[in-house]
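Chain identifiers are assigned alphabetically (A, B, ...) following the order of the sequence lines, protein sequences preceding nucleic acid strands; residue numbering begins at 1 within each chain.
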Amino acid sequence: MRLDGQPGEVIHRGTPLTFTWNGRPYPAFAGDTIGSALAAAGERVFSRSLKYHRPRGLLTADGNDPGCLVQVDGEPNVRGAHRRVSAGMAVTAQGVWPSLRFDLKALNRLAGPALSTGFYYKTFIRPRRLWPYYERVLRRFSPGGRVPSPSSPAGRYEHRYAHPDVLVAGGGPAGMAAALAAAEAGARVMLVDDQPALGGHLRWGGPDGLAALAQLRAAVAAAGGIEVLTDSVVTGQYEGGLVAVVQHGLPGLTERLVKARPRQLVAAAGLIERPYVIAGNDLPGVMLSTAVRRLINLYAVRPGARAVVFTANDDGTAAAADLARAGVDVRRVVDARDGGDIVRVRGRGGVRAVECGDGSVVRCDLLVTAVGWTAPTGLLTMTGGRAAYRAGAARFVPTELPDGVLATGGLVGDGTLAELIGHGRAVGQAAARRAGRTAPASPVPDLVPAPHPELFAGRTNGFVDFTEDVSTKDLAAAVAEGYDSIELVKRYTTATMGPTQGKLEAVNTIAVVAAATGRGIPETGTTTARPPYAPVSLGALAGRNYQPVRRSPMHDWHVAHGATPLVAGAWIRPDHYGDPAGEVRAVRQGVGIIDVTPLGKFELRGPHIPDLLELLYVNRWRKLAVGAVRYGVMCTEDGVVFDDGVTGRLGEHRYLLTATSSGAEAVGEWLERWLQTERAHWRVHVVPMTDAYASINVAGPRSRELVRRLTTGIDLSPEAFPYMRVRLGEVAGVPDCVVWRIGFTGELSYELHVPAGNGLRVWEALLATGVDLGVRPFGVEAQRILRLEKGHLVVGQDTDGLTQAYSAGLDWAIKMDKDDFVGKPELAWQRVRDGQVVLVGLQPADPELVPPESSQLVEGDRRIVGRITSSRFSPTLDRSIALGFVAPDLAEPGTVVTMLLPDGRRLPARVMPQLAHVDPEGKRLHG
Amino acid sequence: MKLRRSLPRPARYSGFGLLRHALGGAPWPPVWRRHDLRDRYDVVVIGGGVHGLATAYYLAANHGVNNVAVLERGYLGGGASGRNTAIIRSNYLTPEGVAFYHRSVRLYESLAADLNFNVMFSQRGHLTLAHTDSALRTMRWRAEVNKLQGVDSSLVGRSEIGSLVPHLDVSDRPRFPILGGLWHPPGGIVRHDAVVWGYARGADAAGVHLHQDTEVVGIDVTGGRVQGVRTNRGRIAAPAVVACTAGWASTVCDLAGVALPITTFPLQAAVTEPVRPFLDTVVVSGTRHVYVSQTDRGELVFGAAVDPFPSYSSRGSLEFTEGVAAHVLELMPALAPVRILRQWAGLCDMTPDFSPVMGPTPVEGFYVDVGWGTYGFKAGPVAGETMASLVATGKTPDLIAPFDLARFTDGRLVGERGAAAVGH
């Protein structure tokens, strides 16, 4: 079947190779597609159809070929008529059992009429309990290839960002001309084509085309400023002019997603040839005129032995000439322009004969059709362009282009090669001008679609959508059943919803629906084109999986000193250094230091900071003096606690605001949202400082002594630096440190915010200086125990998405007499409402038992009256302690509640008089 | 439940019916008919999605009210009903949420039989993954609450997750390893279009008029009472008007002078080319902001959280697919070569407390069933059933009492944020 050398062939006869098809070795040449290599070896059947498992072969012989979806190694749904074959490639047919040749699933055909479109909606209804079994059978018939096994090696994918002046989508003659003209005007151009080489239809269009192609290619290669991306597809244009291009065939890379922001996009996607809808139109051996011309001219493959050509245009005639030249016996050319028609294709497993409109039957093994073109307007309409049907040309054409987009080539209209190039050049110049370059303002010549007869579906029932097995009859039945708009037909029959995305089938679908409803094609309309324009792999979209990991400047020290890591959002933190209980005791008895760098920190500057704080926190800020620190609670508009933290006033118009480690990002967005969208006139600058400062909390009765040894310029005496104050100064020789006195652990403590580069220096100095004080580092777990002992709540743990501030015991902080603050109206209601749950301290009767967090508190069999939000074993009290929500009638201290543990045990716990289990009076804190 | 009245039935769907039609060649009768617009209906339902159609269906089926019109601006099911990811579950957090969605799952379970239309409700389970200690704690909370409320829901560990979904990477390799999950066996997916068509067919058979391409351009209110609606096809008088729209609820209700506390956000979704079935359950990862299921056709359906800013755009973005792909591959690295075929967006009417607005309004006779955010589809049947009951009897069913419009002015927000944020 392989022909002698063809002038435009792309196969490299000097590089033979072998691949396997369904386990058997096949020869090929470098440059072959999987489809062309198999066709050259005499294979005709490449897949089985979705529903009836009909054998399918090459139809378009390009990336849109619905009959040539194959599995390549671990990759499913590979476009076999586009993918280049490589040595050792294992290619298999998809979804057949036991084999492609003998597929038992084809027995479906016996039930064919009953498997009419949407049959599954009409059956398997009763009995209900059998549906899962029916479903299992249905799923067995789902199409597509297999995903790789979980252990298979992943491909390599990456992203690239590009900012060309002009991006030309389509490297045919018009696209190349546009790129050249734009480049001549000084524009930086990216020229993208889905084939391995530029040229479009010139590649397979015959000797004249080849000569012109050589010239154009040489000009593109010689022109400066044109970057050519072949084997690459523009997969979509998005908001803001973002264009996605998926690039294949790069060495060492599976795929690369190019995210381009061209100043102008030139769409030059050419035309897609349409199949003809008649009985037997899916038999192997029915091909489009472009398919046979590709096979002959690019791959030197003879597509059949005896052919009938059905044509309505000059391309069909040209295909007939190519066939004759390739030694195919062209038995008859039926020309629609002369009133000719074909009615039916006969055969089983392949074309045997064609029944013509005049009643004659011509024996053949190949039917070539050339019945019209579809302009792929999807790329334009998905970004706001419009297309309209031109009956005289039998196709949709773009009528309105989105901003920043121009179109040229077959997408726009037809013409001689010179006309296409002339149009492309003028559009390229216009694109360059729009991109800010100087180019001649030559008028864009007209390029109009050539007259073409409207030929969509013949007299017999044929396949409209090949991948979905949807026929003329199915569409008509759907319309008759009431699914009579194009969107409903699409949804009901699944026509155009398969892997070819309707590129091949959409117009025929519309035409058949139009005929069935008695409406015209324009009234029937199109379905909405949605991105991507061509399917994109998840790998290309994901690129390299960059996942930021945030580490404090002291991270390596923690690792070197045996810290157990804890994943806390983006941060890795030390959970403990081997003995959390010992760390707790060190803090209670001497002094400990903890790395709290992930604490959210924002420096605020500007005159309206008090207004902002008053609005976003429930408590009062206006009178906060310079040098003072205050604890604040933020609520969302539903009064639900959103975040908490302390904010200190460092100067007249300078504050440092802190947020919880987990809430830092959300708080930053919250501040900006209010400043940018609601109170744009306020003058406040928010600078995220979370990782600009290393933060260290020094806690314990001896913390003052330790900090005093290292600070310069700060008076640490309790009178000069009382609780909830902030000072600026030098710590361990490091200037510009913020020191504030607060106490999450319930002990006397100082929090040091040190310029990050010096974090480790200060950390090590604290440990070295405090040896005699018994200083030791403590981790997150010890901090959790300490704060629970002290009864400090953690937003998100001791509150949830429903917890309004009054339920969290924050009554003291909420200032309802403020004019306004976020959440105020809801809190006003909550304050006077009965039945609100209350956060309380709890101690299990069994001091050894630590109830799992989220254990429910119940009454009777299954009535929920609360839950445990936090629980730990307290080394200080040598017993288990907890925080939890209870119904208000159970909040009385001393009440015994029943905990229902996840293992089903029901055990008692006692409600405590306050949240703090240790030092409820706060003596240690204020010492 | 009310006694179900016997309805006039269209040609019965069954396997035998299929065979008979196949052999006899007679075409199936239409699923619904086209009618002229009447001057007057007892009830006008605005919106031909699952909520509107279910409301109309239950009005006729449960209450004998069948002089009802459903007005749809485009085609039936073309809005949020046709854009969602069709996940059904009932493992919510608040008692109100659990009770409501529990009833919805029950209705879905019998829906195919009730409507004689296979909606392909596939209860292959719903698995929510935890990647952090706090997510695990919230899950344990949900599991404990669900157990006490009779919902089948439990915490599962890595090895169980690995056997439920072998393609999930349950190792320590990912940046955020899977620590555990919440397993909800009755959850699953449904064929969303089929639910729409099933209700439409049932409503049509019961005498309801379904008017497509019929846009409501005005709502007539006199003396605080609704009088009817004006459409692009003419005026309709009606003593009761029910707004069942999604994405445009605030603009539609504005026509009646009813203000809603709603902000509209796009929610994006995407679907891949079909691949052989390998994923039985719905997999959700709140931390990674993604959910995945595989349809009976073999397509993988992906969704995520709503877009971060309000908009009425139903266009998909590249950032969305990039994010979804990255997160899916972190969960299931082997899926890298699977290709996304289509992406789209639907509009979500978000309320401040992540709960719908259902019930009467200050305008007498004008009812709303709106504000469904990202969770409207799974509530379609129960919303229809309860709204029909409200409109027919004038009494608000207990199940929807917490969701009334007055709660925003009375300070009774519901709050399902914990369970709804990316809770599909």
Q: For Val858(A), which atoms come within 4.5 Å of any heavy atom of chain B: side chain, backbone, both, or neither?
A: side chain

Q: Need one label for Arg315(B): side chain, backbone, both or neither, based on atoms under 4.5 Å from any heavy atom in chain A.
A: side chain

Q: Is it the side chain or the backbone of Leu279(B) that comes within 4.5 Å of chain A heavy atoms, both, or neither?
A: backbone

Q: Answer with side chain, backbone, both or neither: which region of Arg126(A) has an atom nearer than 4.5 Å to a non-hydrogen atom of chain B?
A: side chain

Q: Please classify the contact of Thr295(B) with chain A as side chain, backbone, both or neither, using a heavy-atom distance under 4.5 Å.
A: backbone

Q: If we only count heavy atoms from C-beta on, is the Pro174(B) to His131(B) side-chain gap below 4.5 Å?
A: no

Q: Would you mind telling me which of Asn118(B), Leu329(B), Asp204(B) has the largest number of heavy-atom pairs within less than 4.5 Å of chain A?
A: Asn118(B)

Q: Side chain, backbone, both or neither: which part of Leu257(A) has an atom under 4.5 Å from a heavy atom of chain B?
A: side chain

Q: If you count heavy-atom pairs within less than 4.5 Å of chain B, which of Gln71(A), Gln830(A), Arg833(A), Glu637(A) leads?
A: Arg833(A)

Q: Heavy-atom distance under 4.5 Å to chain B: side chain of Met382(A), backbone, both or neither?
A: backbone

Q: Can you tell which part of Ser149(A) gets under 4.5 Å to a heavy atom of chain B, answering side chain, backbone, both or neither?
A: backbone

Q: Walk me through whether Arg297(B) and Glu468(A) qualify under salt bridge (Lys or Arg N to Asp or Glu O under 4.0 Å).
A: CA-CA 10 Å; Arg297(B) 283 165 50 78; Glu468(A) 300 295 300; 2.7 Å; yes

Q: So which of Gly298(B), Ser313(B), Pro274(B), Ala326(B) has the biggest tally of heavy-atom pairs under 4.5 Å with chain A?
A: Pro274(B)

Q: Is the positively charged end of Arg201(B) above the ring of Tyr13(B), judged by distance under 6.0 angstrom from the centroid and angle within 45° of the axis?
A: yes

Q: Hey, could you give me the NE2/CZ distance between His192(B) and Arg83(B), rounded to the nearest 0.5 Å?
A: 10.0 Å

Q: Test side chain to side chain donor-acceptor pair (under 3.5 Å) on Gln268(B) and Ser317(B); report intermediate values, then the result.
A: CA-CA 8 Å; Gln268(B) 299 196 48; Ser317(B) 72; 3.0 Å; yes

Q: Decide salt bridge (Lys or Arg N to Asp or Glu O under 4.0 Å) for Asp280(B) and Arg139(A); before the verdict, give the C-alpha distance in whole Å, the side-chain angles of both, and the deciding distance to 0.1 Å.
A: CA-CA 10 Å; Asp280(B) 285 337; Arg139(A) 280 167 81 79; 3.6 Å; yes

Q: When rounded to the nearest 0.5 angstrom, what distance separates CG in Leu488(A) from CG in Leu76(B)?
A: 6.5 Å

Q: Please verify the inter-ring angle class for Tyr492(A) with Tyr483(A); under 30° counts as parallel, over 60° as perpendicular, anything in between as tilted.
A: parallel

Q: Top residue by heavy-atom pair count (under 4.5 Å) with chain B, among Thr494(A), Thr254(A), Leu138(A)?
A: Thr494(A)

Q: Does any heavy atom of chain A fall under 4.5 Å from the side chain of Phe408(B), the backbone, both, or neither of them?
A: backbone

Q: What part of Val324(B) is in contact with chain A, defined as an atom under 4.5 angstrom from a non-hydrogen atom: side chain, backbone, both or neither?
A: neither

Q: If I measure from the heavy atoms of chain A, does Phe302(B) come under 4.5 Å with its side chain, its backbone, both, or neither?
A: side chain

Q: Examine whether an atom of Ala570(A) lies under 4.5 Å from a heavy atom of chain B, and if so say whether it belongs to the side chain, the backbone or both; otherwise answer neither.
A: both

Q: Is Asp296(B) in contact with chain A via its backbone, its side chain, both, or neither, using a 4.5 Å heavy-atom distance?
A: both

Q: Using heavy-atom distances under 4.5 Å, tell me whether Leu827(A) contacts chain B through its side chain, its backbone, both, or neither.
A: neither

Q: So for Arg863(A), is it side chain, backbone, both, or neither that comes closer than 4.5 Å to the heavy atoms of chain B?
A: neither

Q: Hey, could you give me the CZ/OG distance between Arg867(A) and Ser854(A), rounded to the nearest 0.5 Å?
A: 6.0 Å

Q: In plain terms, say whether Glu273(B) and Arg79(A) are close enough for a salt bridge, that is, a side-chain N and a carboxylate O under 4.0 Å apart.
A: yes

Q: For Gln294(B), is it the side chain, the backbone, both, or neither that has a heavy atom closer than 4.5 Å to a heavy atom of chain A?
A: both

Q: With rounding to the nearest 0.5 Å, note down the distance linking OG1 in Thr123(A) to CH2 in Trp131(A).
A: 9.5 Å

Q: Given heavy-atom pairs under 4.5 angstrom as the criterion, report whether the side chain, backbone, both or neither of Val338(B) touches chain A.
A: both

Q: Of all of Pro150(A), Ala477(A), Gly569(A), Gly482(A), which one pairs up most often with chain B through heavy atoms under 4.5 Å apart?
A: Pro150(A)

Q: Which bit of Gln212(B) is near chain A, if near means a heavy-atom gap under 4.5 Å: side chain, backbone, both or neither?
A: side chain

Q: For the interface with chain A, which of Val328(B), Val145(B), Leu136(B) has the highest count of heavy-atom pairs at distances below 4.5 Å?
A: Val145(B)

Q: So which part of Glu853(A) gets closer than 4.5 Å to some heavy atom of chain B, the side chain, the backbone, both or neither?
A: both

Q: Side chain, backbone, both or neither: which part of Asp861(A) has an atom under 4.5 Å from a heavy atom of chain B?
A: backbone

Q: Could you look at Leu901(A) and say if it's the side chain, the backbone, both or neither that has a heavy atom under 4.5 Å from chain B?
A: backbone

Q: Donor-acceptor check, side chain of His327(B) to backbone of Ala542(A), threshold 3.5 angstrom: yes or no?
A: no

Q: Quick check for you: among Val832(A), Ile864(A), Val567(A), which has the greatest number of heavy-atom pairs under 4.5 Å with chain B?
A: Ile864(A)

Q: Side-chain contact test, heavy atoms from C-beta onward, threshold under 4.5 Å: evaluate it for Asp133(B) versus Leu566(A) and give yes or no.
A: yes

Q: Would you check if there is a donor-acceptor pair between the side chains of Ser122(B) and Arg124(B) at a distance under 3.5 Å?
A: yes

Q: Gln797(A) versus chain B, heavy atoms under 4.5 Å apart: side chain, backbone, both or neither?
A: both

Q: For Thr351(B) and Ser355(B), indicate whether the former's side chain and the latter's backbone hold a donor-acceptor pair under 3.5 Å.
A: yes

Q: Of the backbone (N, CA, C, O) and the side chain (C-beta and beyond), which part of Pro76(A) lies under 4.5 Å from a heavy atom of chain B, both, or neither?
A: both

Q: At a heavy-atom separation under 4.5 Å, does Arg191(B) approach chain A through its side chain, its backbone, both, or neither?
A: side chain

Q: In terms of heavy-atom proximity below 4.5 Å to chain A, should Thr321(B) be classed as side chain, backbone, both, or neither?
A: both

Q: To the nearest 0.5 Å, what is the distance between CG (Leu130(A)) and CZ (Arg128(A))?
A: 12.0 Å

Q: Check each atom of Thr869(A) against the heavy atoms of chain B and say whether the ones under 4.5 Å are side chain, backbone, both or neither.
A: backbone

Q: Taking it one step at a time, do Glu481(A) and Lys122(A) satisfy salt bridge (Lys or Arg N to Asp or Glu O under 4.0 Å)?
A: CA-CA 12 Å; Glu481(A) 283 189 53; Lys122(A) 298 193 176 87; 3.0 Å; yes

Q: Between Ser485(A), Pro532(A), Ser855(A), which has the largest tally of heavy atom pairs under 4.5 Å with chain B?
A: Pro532(A)

Q: So how far is it from Glu135(A) CD to Phe124(A) CZ, rounded to the nearest 0.5 Å?
A: 10.5 Å

Q: Spell out, as yes or no, whether a donor-acceptor pair under 3.5 Å connects the side chain of His159(A) to the backbone of Ala540(A).
A: yes

